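Report on the following structure.
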Amino acid sequence: MKVKFWLLDLNYEEKAETPEIWMWGIGEDNKRILVVDRNFKPYFYATVSENSLEEVLREILKLKVKGVLDCIPQDMKIFGKPVKAVKIVCRKPDEVGEIAKDVKRVRGVTEVYGDDIRFTLRYLIDMGIKPCSWIEVECEKAEGYGGVKVDEVYLATAPPRNVEEELTPNLKVLALWITCMGEAGSPKPERDPVIIISTLSCEGVEKNFIAKGDEKPSDAEIIVEFTRYVDEYDPDIIVSYGSNARIIPYLLERAKRNRVKLSIDRQRGEPHTSLYGHISITGRINLDLFDYAEEFQEVKVKSLENIAEYLGVMDASEIIEEYEVQDYWKDPSKRGELIEYSMKNAKRVMGIYKAISDFAIQLSQLVGLPLDFVGTAAVGFRVEWFLIRKAHEMGELVPKRREISYQPYAGAIVLQPKPGLHENVAVIDFRSMYPSIMLKYNVSPDTYIPPEEAEPECGVYIAPEVGHRFRREPPGFYRDVLKSLMEARSTIREKLKNITQEDPLYKVLDARQKAIKVISNAMYGYAGWTGARWYIKQVAEAVTAWGRSLISSALKMAEELNLKVIYGDTDSIFVKYEPEKVEKLVKRVEGELGFEARVDKVYVRILFTEAKKRYCGLMENGKLDFVGLEVVRGDWAEVAKKAQEGVLEIIMRGGGTGKAIEYIKEYINGMRRGEKPLKEYIIWKTLTKDLEEYEVRAPHVQAAKMLMEKGYTLTLGDKVGYIITLGSGKLYEKAKPYQLASKNELDIEYYISNQVIPATSRILEPLGVNIQKILSSGTTRTLMDYIKKEKTTT
DNA sequence: GCCTGGTCTCTACCC
DNA sequence: ACGGGTAGAGACCAGGCG
């Protein structure tokens with residue numbers, strides 16, 4: 001019989017010495033099914049030097065005792081060059097590593113390949129099937145899979161095939177949130193119980209599992225109840241925020257302490273750690289939305305509440321912070337609020353899921369990694385898995401990951417801006433410049449011709465400045481990949497034109513074209529990453545060299561047309577907007593340089609300082625575009641950001657500097673009167689390394705240490721929020737985590753002189769206003785101010 | 001011992 | 001654990017200062 005299903009998750013098991021691929025899916029009839037394939041064997045390749053094939057085959061077949069089943073000669077390519085290889089088929093996946101080591105020692109073997117690719121992924125790649133897509137397979141009913149929680153189990157009798165079908169089946173999704181109660185600082189699973197487990201199903205069913213006991217609540221019961229509920233509801237996806245780093249490990253540890261089993265998978269087992277710090281729940285998807293938080297760069301502090309607010313799910317006011325939990329729990333009049341809050345967070349999780357799931361599903365399908373993996377994988381790995389798939393299609397061996405030390409190379413050109421206010425400025429940019437360069441000049445690891453090699457007959461493209469050569473023919477690996485991505489994207493965009501936004505297909509296709517864009521744009525970065533399997537420095541170096549030459553040529557053309565250039569960065573030039581000339585420029589750029597260009601936007605007014613990469617533009621829609629300035633930075637206090645934004649609002653809308661100065665004066669007075677809440681004084685900074693590794697003392701590091709001492713858990717990548725307190729000495733001595741601080745400790749004068757004034761004078765300086773001078777010569781700080789200040793500090 | 005200027009460290013941004 | 005180019009704050013340190 002033929003079985004068609006949507007592939008949710010997969011894993012492998014071993015039964016009677018035979019590896020089995022288990023594919024968990026959703027059938028056409030909406031049944032949950034498991035398809036087992038016993039017909040696939042693990043394998044890897046070895047490249048063989050000239051004339052030693054026979055001998056190598058003989059030697060490798062001697063390894064049969066170790067688990068080698070077969071050894072087959074095969075013509076492959078490595079970096080585009082044909083090589084003689086043998087495919088070594090093995091009995092069991094976990095024997096591959098050992099056998100590969102032995103094979104590498106065989107005389108005549110030059111290298112082994114593919115032994116570092118996981119069995120389940122190998123299967124997906126070889127079969128040409130992808131997670132989160134429809135698959136068809138010839139099957140028979142399977143016997144002996146009793147412990148598995150699905151409606152049907154099948155045994156594949158033939159290789160599965162990909163089915164072209166777009167729509168996602170109805171998935172059962174369960175949003176999860178837990179609230180834990182610590183005595184001090186962050187709750188610790190070894191010590192502190194989970195007091196509330198909140199779940200929300202996609203159908204809207206809310207469940208709160210609430211621990212009993214006031215002072216020392218016990219969570220044994222609720223973990224069991226929760227486990228039972230998961231089993232009963234039987235979700236395809238368990239979604240949360242921070243599941244991999246926090247929530248699942250916490251629940252696991254609590255379950256262990258209570259001697260109960262957290263069996264929330266479809267195999268009566270517990271969650272287990274897997275690739276890239278991901279936790280697998282067999283048969284289901286453990287989706288961690290935190291992995292997608294990075295996509296929202298506007299959100300600086302990536303808390304569940306902030307992301308949910310950004311996506312319009314729920315506003316972030318009235319937050320209960322972790323350290324406040326016990327106050328709420330222990331106070332009977334407030335406990336209800338805490339329980340409600342826990343459920344609110346489950347709702348936030350579900351809301352975010354709904355906003356990003358289409359994209360996540362499409363990314364999984366495009367890259368070919370299971371839905372829960374693809375999120376956890378860093379961008380470089382997403383690109384790489386996509387490439388590995390393509391390599392397989394092209395008969396390319398997958399290069400080993402090598403340790404290559406950092407090799408710097410020159411990047412893009414950034415022009416010195418013309419400071420001051422400008423009216424009517426057009427921004428012209430090259431569309432997808434780096435991908436286009438790679439396409440046009442066939443820049444790829446397999447087309448690169450090293451200096452010692454002779455020029456091939458087909459001829460070469462030579463990169464300007466650096467002189468790297470790339471063969472014109474045949475199309476390189478990157479060109480092929482980018483071409484198929486670009487074609488796929490334009491096909492989708494055509495389809496999108498013909499359907500309405502209400503069509504369920506619309507969301508799917510739109511998400512897919514976004515996924516394609518993300519991967520295309522990451523290709524250049526991947527090419528320059530020393531950790532990349534296909535890393536060749538010259539590839540990345542040539543791309544940027546062509547980029548510099550393109551932008552320089554465009555600048556020259558602008559000059560020839562007498563267009564005044566105001567600024568430019570990498571692939572864009574800002575010119576005085578004279579419509580006819582600008583149109584001419586775009587035409588010339590496209591005609592003579594052969595790259596697509598366009599007028600990206602027109603600013604009614606734009607303000608530059610002396611600095612590159614920082615400006616503010618008034619757009620035609622009346623909105624302000626802040627670029628690089630403090631307003632858009634996460635490491636400045638809100639008081640400074642708001643002051644700068646206020647000044648920009650005045651200046652950009654023609655209010656004039658006088659008004660701006662008055663605004664700042666009033667703003668500062670407000671600060672001195674204590675009108676701004678503590679929250680607006682918090683400075684956030686990321687911990688980018690372990691605390692001991694910092695070479696200089698810094699405020700956020702000091703603050704982090706203070707938090708640790710109070711029992712808070714902080715890890716690499718966490719953001720520390722601190723304020724600057726009154727007192728003397730170095731700044732780092734005056735820093736204090738906001739959780740431990742109160743408003744009367746604030747060193748308001750520090751914030752005025754080191755935050756508000758720098759941020760605002762940055763804007764006014766290029767307009768000829770020295771705000772510092774104005775403020776210090778004024779009567780802002782009278783004797784009375786000092787007396788008042790004395791009063792508040794003592 | 002204090003001030004100064006230069007350099008280094010650190011973070012977050014732009015494209 | 002995707003690239004290079006850049007701004008800016010603050011720590012740190014050597015040298016000047018009779």
Side-chain angles (χ1 to χ4, degrees), chain A residues 276-277 294 297-298 300-301 376-387 401 403-404 406-417 427 429-435 438 518-535 537 539-545 547-548 551 567-574 600 609-615 625-637 640 683-689 693-702 716-717 719-720 724 729-735 750 753-755 757-759 761-762:
Chain A
Y276 306 129
E294 257 173 77
Q297 290 186 358
E298 296 92 330
K300 308 297 172 182
V301 181
T376 336
V379 182
F381 292 106
R382 293 179 190 171
V383 172
E384 192 149 78
W385 279 109
F386 180 78
L387 290 176
R401 201 178 297 288
E403 281 279 315
I404 296 174
Y406 173 65
Q407 298 177 305
Y409 63 89
I413 290 174
V414 187
L415 298 188
Q416 200 62 54
V427 182
D429 67 9
F430 289 101
R431 298 187 78 163
S432 329
M433 187 169 80
Y434 287 168
M438 292 163 104
V518 165
I519 295 295
S520 311
N521 290 343
M523 283 281 291
Y524 154 72
Y526 175 82
W529 174 38
T530 48
R533 288 176 189 261
W534 278 280
Y535 173 75
K537 183 191 166 187
V539 169
E541 200 170 32
V543 173
T544 56
R548 289 192 297 274
I551 199 80
Y567 178 61
D569 185 350
T570 311
D571 60 355
S572 66
I573 52 178
F574 292 52
D600 184 40
T609 70
E610 300 274 345
K612 297 170 176 180
K613 297 186 184 279
R614 312 179 122 230
Y615 54 89
D625 196 6
F626 305 104
V627 181
L629 298 167
E630 282 72 8
V631 193
V632 296
R633 290 182 67 98
D635 57 348
W636 283 74
I683 297 165
W684 292 93
K685 277 205 168 87
T686 310
L687 288 177
T688 59
K689 48 182 104 178
E693 282 170 39
Y694 280 94
E695 291 182 38
V696 293
R697 277 160 291 190
H700 72 297
V701 182
Q702 288 307 108
L716 212 145
K719 275 222 155 65
V720 182
I724 298 301
K730 295 280 191 191
L731 199 63
Y732 61 80
E733 296 173 290
K734 305 187 356 156
Y750 165 81
S753 60
N754 292 49
Q755 292 264 324
I757 291 179
S761 67
R762 204 100 63 211

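Source: prediction; values computed, not measured. Every chain is numbered from 1 and lettered A, B, ... according to where its sequence line falls, protein lines coming before strand lines.
- If you check every strand for non-hydrogen atoms under 4.0 Å, A/R762 touches sugar and phosphate atoms only.
- Closest approach to the A/A378 side chain among B/dC15, C/dC2, C/dG3 is made by C/dC2 (side chain taken as heavy atoms from C-beta onward).
- Within the 4.0 angstrom heavy-atom criterion, no nucleotide atom of any strand lies near A/A540.
- A/Y615 has its ring centre no less than 6.0 Å from the ring centre of A/F626.
- Of the candidates C/dG8, C/dT6, B/dT11, C/dT6 carries the atom nearest the A/V414 side chain, counting heavy atoms from C-beta on.
- At a threshold of 4.0 angstrom between heavy atoms, the contacts of A/F574 with the nucleic acid are absent.
- A/N754 comes within 4.0 angstrom of sugar-phosphate atoms only, judged by non-hydrogen atoms across all strands, and of no base.
- Contact check, A/T570 against B/dC14: no side-chain N or O comes under 4.0 Å of OP1 or OP2.
- Across all strands shown, A/P758 has heavy atoms under 4.0 Å from sugar-phosphate atoms exclusively, and none from any base.
- At a threshold of 4.0 angstrom between heavy atoms, the contacts of A/G411 are confined to the sugar-phosphate backbone, with no base atom among them.
- Counting any heavy atom pair closer than 4.0 Å across all strands shown, A/A410 reaches sugar-phosphate atoms only and no base atom.
- In the set C/dT6, C/dG10, C/dA11, the nucleotide with an atom closest to the side chain of A/Y750 is C/dG10.
- Using a cutoff of 4.0 Å between basic side-chain nitrogens and carboxylate oxygens, A/R401 and A/E384 are scored as salt-bridged.
- Using a 4.0 Å heavy-atom cutoff across all strands shown, A/V383 reaches no nucleic acid atom at all.
- Using a 4.0 Å heavy-atom criterion, one finds that A/Y567 contacts no nucleic acid atom at all.
- Listed candidates were B/dC10, C/dG3, B/dA12. Nearest to the side chain of A/H700 is B/dC10.
- Between B/dT11 and A/Y694, a contact under 4.0 Å exists linking OP1 or OP2 to a side-chain N or O.
- For B/dC10, the OP1/OP2 oxygens have a side-chain nitrogen or oxygen of A/K689 closer than 4.0 Å.
- Contacts of A/V632 with the nucleic acid, taken as non-hydrogen atoms under 4.0 Å apart, involve only primed sugar atoms and P, OP1 or OP2.
- Residue contacts for A/Y535: at a heavy-atom cut-off of 4.0 Å it reaches no nucleic acid atom on any strand shown.
- Checking B/dA12, C/dG8, C/dA1 against every side-chain atom of A/E630, the shortest atom distance belongs to C/dG8.
- Backbone-only engagement by A/R697 is indicated by non-hydrogen atom pairs under 4.0 Å involving sugar-phosphate atoms exclusively.
- At a threshold of 4.0 Å, the pair A/R697-A/E733 does not count as salt-bridged, since none of the basic side-chain nitrogens sits closer than that to a carboxylate oxygen.
- Taking every side-chain heavy atom of A/D569 into account, B/dC14 is the closest of B/dA12, B/dC14, C/dC2.
- Ring centroid separation for the pair A/W529 and A/Y406 does not come in under the 6.0 Å cut-off.
- Using a 4.0 Å cut-off between a side-chain N of Lys or Arg and a carboxylate O of Asp or Glu, A/D569 and A/K612 do not qualify as a salt bridge.
- Among the nucleotides C/dG8, B/dT9, C/dT6, the one closest to the side chain of A/K612 is C/dT6.
- Across all strands, A/A698 comes closer than 4.0 Å to no nucleic acid atom at all (heavy-atom distances).
- Nucleic acid contact class of A/K719 (heavy atoms, under 4.0 Å, all strands): sugar-phosphate only.
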